[in-house]
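So the structure is just underneath, and the comments pick up after that.
Note that ligands are numbered from 1 as they come in the structure, with each ligand's atoms numbered from 1 the same way. Just so it is clear, the values below take in all heavy atoms, side chains as well, and ignore hydrogens, waters and symmetry mates.
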Amino acid sequence: ADLNHEYNSSLEFDYYNSLLINEKDENDNYVELGDEFILEPNEHFNNLLVNTTYSDIQLPTNVYNKDPDILNGVYMSEALNPVFVDNFERDPTLTWQYFGSSTGFFRLYPGIKWLPDENGVISFDCRNRGWYIQAATSPKDIVIIVDVSGSMKGLRMTIAKHTIVTILDTLGENDFVNIIAYNDYVHFIEPCFKGILVQADRDNREHFKQLVEELQAKGVGTVNKALTESFKILREFRDAGQGGLCNQAIMLITDGAVEDYEAVFEKYNWPDRKVRVFTYLIGREVTFAPNVKWIACNNKGYYTQISTLADVQENVMEYLHVLSRPMVINHDHDIIWTEAYMDSAQSLLLMTTVAMPVFSKKNETRSHGILLGVVGSDVPLRELLKLAPRYKLGVHGYAFLNTNNGYILSHPDLRPLVCTTECFSSLF
Ligand SMILES: *[C@@H]1O[C@H](CO)[C@@H](O)[C@H](O)[C@H]1NC(C)=O
Ligand SMILES: *[C@@H]1O[C@H](CO)[C@@H](O)[C@H](O)[C@H]1NC(C)=O
């Protein structure tokens with residue numbers, strides 16, 4: 001569909017927006033992008049109200065629902081409707097089928113009505129879900145370096161913290177991470193993790209988020225020591241054959257860099273540039289932009305300036321595009337299976353999401369491997385286990401499921417005992 005679609009910057013297109021469907025204005029007319037969308041309770045979807053003829057479109061509040069990129073993507077991906085319907089007809093055990101676009105829209109089949117969160121916004125962004133990120137990137141080792149010198153006080157620190165949390169949200173069990181803060185000194189924000197990388201599983205991510213909240217800005221910033229420390233950790237990890245191997249990166253969050261840092265890159269990262277350096281310049285000030293940009297550009301990274309809290313999400317996501325590229329070159333379009341989770345919409349069944357990245361096949365973009373998004377479907381583990389019926393297993397036989405990256409999805413002895421709030425609220 002993408003191959004045959006020509007981008008039209010003035011495209012007008014009415015689509016079913018899952019927030020606006022069935023909404024009327026004061027004159028009893030359907031609102032724009034609203035329109036009537038018949039919903040019926042469906043037993044297969046745990047009696048939720050769904051429409052099995054069409055998928056519909058969800059957007060996070062901070063993404064404009066008529067942005068030309070959104071309109072073109074939604075228009076192009078209308079082609080998925082008959083595919084979803086056909087899949088469901090051919091395999092009635094299928095549950096949700098979806099396409100999460102790199103531009104931020106989420107096309108979900110069957111169509112549903114989406115309700116805002118308690119605070120009146122829609123924060124669900126398909127691009128920071130585990131299935132999206134795992135499918136879009138290969139495993140990665142990441143050191144986040146954050147400037148906590150005096151100039152970062154106030155709003156800059158708030159933006160920096162939010163940037164770190166957003167980066168952490170892009171990491172999963174296949175990734176390794178650490179966070180270093182620097183001013184006059186270099187300190188690992190978790191002293192117990194000094195000099196190492198830890199698995200970016202949920203516990204460690206949450207732990208880091210708490211520590212990030214406590215960061216305070218003071219003193220003078222010297223980035224060199226923090227960079228040196230990061231390169232050393234990543235090299236050690238690489239040499240030991242641990243971690244993600246394919247992707248190593250440093251995320252530098254600062255409001256400026258003045259030192260002579262070239263020597264550090266020369267010593268630790270050039271000429272191979274095995275570690276990419278992504279730089280996030282915090283604040284409106286542009287004096288240091290050339291320096292910070294130089295760091296990224298000379299280390300195969302990406303430079304962005306983040307001047308408001310609202311910019312954080314979009315800017316952080318950019319790095320995923322850069323890191324998704326090696327996969328295209330290697331033709332390594334792996335299907336991924338997420339870890340088992342409980343789905344509250346499916347009567348707390350244990351589920352996995354099967355997902356796969358989608359790249360543009362347009363000639364002009366083929367060599368860059370532009371990521372269009374990720375397709376996925378939720379699969380109850382029960383359905384998978386039916387493939388190994390008891391009578392075929394024998395008296396003492398049992399079935400277990402393993403993903404291609406070695407995680408156990410299902411085993412008779414493995415039962416998630418605690419289900420965190422996060423896992424209950426994570427529908428997709
Ligand atoms: C672009 O979209 C507009 C509005 O839908 C339409 O009038 C125009 O013909 C389209 N242009 C092309 C080149 O298809
Ligand atoms: C889905 O909604 C469309 C538009 O309202 C409607 O024409 C169609 O009949 C609905 N499908 C089902 C299965 O209710």
Side-chain angles (χ1 to χ4, degrees), residues 1-59 63-116 122 124 126 343 345-347 358 360-366 370 372-373 375-380 383 427-428:
D2 172 70
L3 188 59
N4 297 324
H5 173 72
E6 215 167 294
Y7 189 88
N8 179 347
S9 53
S10 52
L11 181 68
E12 284 164 36
F13 179 61
D14 268 327
Y15 60 90
Y16 290 118
N17 180 306
S18 61
L19 178 70
L20 300 172
I21 47 166
N22 301 330
E23 296 287 334
K24 290 184 172 173
D25 60 17
E26 57 277 16
N27 302 323
D28 212 31
N29 296 319
Y30 285 111
V31 299
E32 249 187 313
L33 304 180
D35 221 348
E36 182 184 39
F37 195 70
I38 297 169
L39 296 165
E40 288 163 350
N42 188 309
E43 222 176 301
H44 185 64
F45 294 92
N46 202 32
N47 287 320
L48 283 178
L49 295 171
V50 300
N51 181 309
T52 50
T53 317
Y54 299 115
S55 57
D56 63 359
I57 303 292
Q58 177 272 348
L59 291 158
V63 175
Y64 177 43
N65 58 24
K66 284 182 167 177
D67 183 282
D69 286 351
I70 296 294
L71 289 179
N72 277 273
V74 170
Y75 179 78
M76 171 279 284
S77 62
E78 284 283 292
L80 283 171
N81 274 324
V83 180
F84 289 148
V85 173
D86 187 53
N87 285 345
F88 189 40
E89 270 169 16
R90 278 195 287 169
D91 183 356
T93 65
L94 271 179
T95 62
W96 306 100
Q97 304 176 61
Y98 39 85
F99 171 62
S101 157
S102 63
T103 54
F105 72 83
F106 181 58
R107 181 182 280 283
L108 177 65
Y109 175 87
I112 58 165
K113 173 82 181 166
W114 202 285
L115 299 173
I122 296 191
F124 179 92
C126 60
D343 188 341
Q346 299 285 328
S347 334
V358 183
S360 171
K361 284 189 170 170
K362 284 185 173 149
N363 262 340
E364 66 262 35
T365 59
R366 191 174 287 184
I370 298 289
L372 296 175
V375 282
S377 181
D378 297 344
V379 182
E383 292 300 329
L427 238 168
F428 306 105

Give the atoms of ligand 2, by number and element, whose distance to some non-hydrogen atom of F37 is under 4.0 Å. 5 (O)

Per-atom contacts of ligand 2 with Y16, taking only distances under 4.0 Å to non-hydrogen atoms: 4 (C)

Please tell me if atom 7 (O) of ligand 1 is touched by the protein, where touching means a protein heavy-atom distance below 4.0 Å. no

Could you check whether atom 11 (N) of ligand 2 has a protein contact, counting only heavy atoms that fall below 4.0 angstrom? yes

Is it the case that D2 and S360 place a side-chain donor and acceptor less than 3.5 Å from each other? yes

Y7 and D69: side-chain donor and acceptor closer than 3.5 Å? yes

Check this for me - ligand 2, E36, N or O atoms closer than 3.5 angstrom, yes or no? yes

Using distance alone, determine whether T52 and ligand 2 share an N or O pair under 3.5 Å. no

Measure up the Y109 and F88 rings against each other and bin them: parallel (under 30°), tilted (30 to 60°), perpendicular (over 60°). perpendicular

F105 vs F99 aromatic rings, parallel, tilted or perpendicular, using cut-offs 30° and 60°? perpendicular

The atoms of ligand 1 lying under 4.0 Å from a heavy atom of S10, numbered in the order shown, are 1 (C), 2 (O), 3 (C), 4 (C)

Judged by heavy atoms only, the candidate from V85, L49, I38 nearest atom 9 (O) of ligand 2 is I38

Shortest reach to atom 13 (C) of ligand 2 by a heavy atom, considering only T53, N22, V50, I21: T53

Counting only N and O atoms by type, is there a donor-acceptor contact under 3.5 Å from the side chain of [X] to the main-chain atoms of [Y]?
{"X": "T95", "Y": "D378", "result": "yes"}
{"X": "N51", "Y": "I38", "result": "yes"}
{"X": "H5", "Y": "G73", "result": "no"}

In terms of residue, atom name and distance, what is the protein heavy atom nearest to [atom]?
{"atom": "atom 5 (O) of ligand 1", "value": "E12 N, 3.1 Å"}
{"atom": "atom 1 (C) of ligand 1", "value": "N8 ND2, 1.5 Å"}
{"atom": "atom 2 (O) of ligand 2", "value": "N51 ND2, 2.2 Å"}

Between Y98 and F124, is the ring-ring contact (aromatic ring centres under 6.0 Å, His included) condition met? List the steps. CA-CA 14 Å; Y98 39 85; F124 179 92; 8.8 Å; no

